[in-house]
Amino acid sequence: MIQFRRAREKLVERIEVVKLPTECGDFDLYLYRSEDRRATSPGPRLRELAGKRNVLVRVHSECLTGDVFGSRRCDCGPQLHQAMRQVAEAGCGVVVYMRQEGRGIGLAPKIKAYKLQEQGYDTVEANQKLGFDMDCASTAWGRRSWRTWA
């Protein structure tokens, strides 16, 4: 059933590709939309990937406070830029930018978790106090992980 659906259903649609010059290098920015048309996600990519082996792939959860405002509560912005530099240095790779603020909890709860951190809770404890389960970003894998697709 899985193979049948993968072969016949289109879960995401590429809606645009533009050139994206950055301080990390020149990328192509792909914009995708989910089949329910509720979510769009950008993904910077360096060069064509067809036929490439061991391609660097970084999946990065959106973090307004870290990626845009440079918050020092997290290292999201530096991680994103380091991933882009590594892709540029490798000459090939993808950064998948997931539009899921705070690994899916949303901006308002993330700010509430920040308030709890001001009271001495760490990130995991604050999120748990707000009723969110620990996720893979809080486990041994962490957000520093790279995967390569052969």
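Each residue takes its place number in the sequence, starting with 1. Below, each value reflects all heavy atoms present in this structure, side chains not excepted, and no hydrogens, waters or symmetry copies.
For Tyr121, there are no side chain to side chain donor-acceptor pair (under 3.5 Å) partners, not counting sequence neighbours. With sequence neighbours excluded, the residues forming a side-chain contact (heavy atoms from CB on, under 4.5 Å) with Glu16 are Val18, Leu31, listed by chain and number. Scored by the side-chain contact (heavy atoms from CB on, under 4.5 Å) test, Leu130 finds Lys112, Ala113, Leu116, Phe132 as partners (sequence neighbours excluded).
Between Glu62 and Lys110 there is no salt bridge, since no side-chain N of the basic residue sits under 4.0 Å from a carboxylate O of the acidic one. At a threshold of 4.0 Å, the pair Asp26-Lys19 does not count as salt-bridged, since none of the basic side-chain nitrogens sits closer than that to a carboxylate oxygen.
With 3.5 Å as the limit, one finds a donor-acceptor pair spanning the side chains of Arg58 and Gln79. Side-chain polar atoms of Asp67 and His81 form no donor-acceptor pair below 3.5 angstrom.
Shown here for Val94 and Val87, the closest heavy-atom pair between the two residues is N-CG2, 4.1 Å. Residues Cys74 and Cys63 come closest through the heavy atom pair SG-SG, 3.7 Å.
Once rounded to the nearest 0.5 Å, the distance linking CG of Leu64 with CG of Leu107 reads 6.0 Å. Note that the SG atom of Cys24 and the CG atom of Leu80 stand 8.0 Å from one another [nearest 0.5 Å]. Here Thr65 contributes atom OG1 and Arg72 contributes atom CZ; the two are 13.0 Å apart, rounded to the nearest 0.5 Å. The line from CZ of Phe27 to OG1 of Thr22 is 5.0 Å long, rounded to the nearest 0.5 Å.
Val96 is not listed as a side-chain neighbour of His60, based on a closest heavy-atom distance of 4.5 Å or more. Side-chain contact between Tyr114 and Ser71 is present, with heavy atoms from C-beta onward closer than 4.5 Å.
Under the 4.5 Å side-chain heavy-atom criterion for grouping Ile, Leu, Val, Met, Phe, Trp and Tyr, Met84 is not connected to Val68 through any hydrophobic cluster.
Between the side chain of Asp122 and the main chain of Glu125, a donor-acceptor pair closer than 3.5 Å is present. Side-chain N or O atoms of Gln117 include none that pairs as donor or acceptor with a backbone N or O of Ala126 at under 3.5 Å.
Atom CD of Glu23 is surrounded by 12 or fewer heavy atoms from other residues, nucleotides or ligands within 6.0 Å.
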